[in-house]
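This report concerns only the one structure given below.
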Amino acid sequence: MENSSGTELKTSVLVEEVEAVEVGPGVVRRRLVRTGHARGWVVDFAPGSQWPVVDLHATEERYFVLSGEVIEGEERHPAGSYVVFAPGSSHRPRSESGARILGITVLEGRPEDGV
């Protein structure tokens with residue numbers, strides 16, 4: 001599907017077919033289709049793993065916990081949780097049991113930024 005200028009209006013992928021990249025011990029990220037407005041990703045946390053660095057947000061980020069449990073500081077987010085981080089926020093998620101999250105980073109006019 002394209003608009004009048006030839007730009008794709010819909011794209012789809014099978015998540016399991018997207019390249020999985022280990023970003024830290026036990027943490028694997030799949031970068032999903034990206035537009036000039038947002039980028040999507042799936043992250044899998046092995047039991048006992050933690051995001052490798054503090055994640056700082058220039059723009060809004062949000063994720064949905066598909067399975068397992070993600071821990072942010074002292075807060076626990078079980079499967080079914082929807083978590084939103086405002087611009088200027090930071091966090092370093094971890095999981096004791098393992099987890100899979102589906103996230104979106106809103107670019108807000110910053111399409112040159114990459115994850």
Nearest heavy-atom neighbours spanning Pro25 and Ser49: O-CB, 3.5 Å
Side-chain hydrophobic cluster, 4.5 Å single linkage: members besides Leu102: Val13, Val15, Val18, Leu32, Val33, Val42, Phe64, Leu66, Tyr82, Val84
Nearest-0.5 Å distance, CD of residue Glu61 to CG of residue Leu56: 10.5 Å
Contacts of type side chain to side chain contact (heavy atoms under 4.5 Å, CB included), residue Pro87, not counting sequence neighbours: Glu60, Glu108
Closest non-hydrogen atom pair, Ser97 against Pro47: O-CG, 3.5 Å
Under the side chain to side chain contact (heavy atoms under 4.5 Å, CB included) test, residues paired with Ser12 that sit two or more places apart: Lys10
Pairs meeting criterion salt bridge (charged side-chain N to carboxylate O under 4.0 Å, His left out) with involvement of residues 44-58, two or more places apart: Arg30-Asp44, Asp44-Arg100
Same apolar cluster (I L V M F W Y, side chains within < 4.5 Å links), Tyr63/Val53: yes
Residues that Arg92 engages under side chain to side chain donor-acceptor pair (under 3.5 Å), provided they are two or more places apart: none
Thr59 side-chain N/O to Val106 backbone N/O, donor-acceptor pair under 3.5 Å: yes
Side-chain heavy atoms of His37 within contact of Leu107, under 4.5 Å: no
Separation of Glu69 CD from Ser81 OG (nearest 0.5 Å): 8.5 Å
Which atom of Ser95 lies closest to which atom of Phe45, heavy atoms considered: CB-CB, 3.9 Å
Side chain to side chain donor-acceptor pair (under 3.5 Å) partners of Gln50, counting only residues at least two apart: none
Test side-chain contact (heavy atoms from CB on, under 4.5 Å) applied to Val43 and Trp51, step by step: CA-CA 10 Å; Val43 173; Trp51 191 255; 4.1 Å; yes
Min side-chain heavy-atom separation Val70-Ile101 under 4.5 Å: yes
CD-CZ distance between Glu72 and Arg94, expressed to the nearest 0.5 angstrom: 9.5 Å
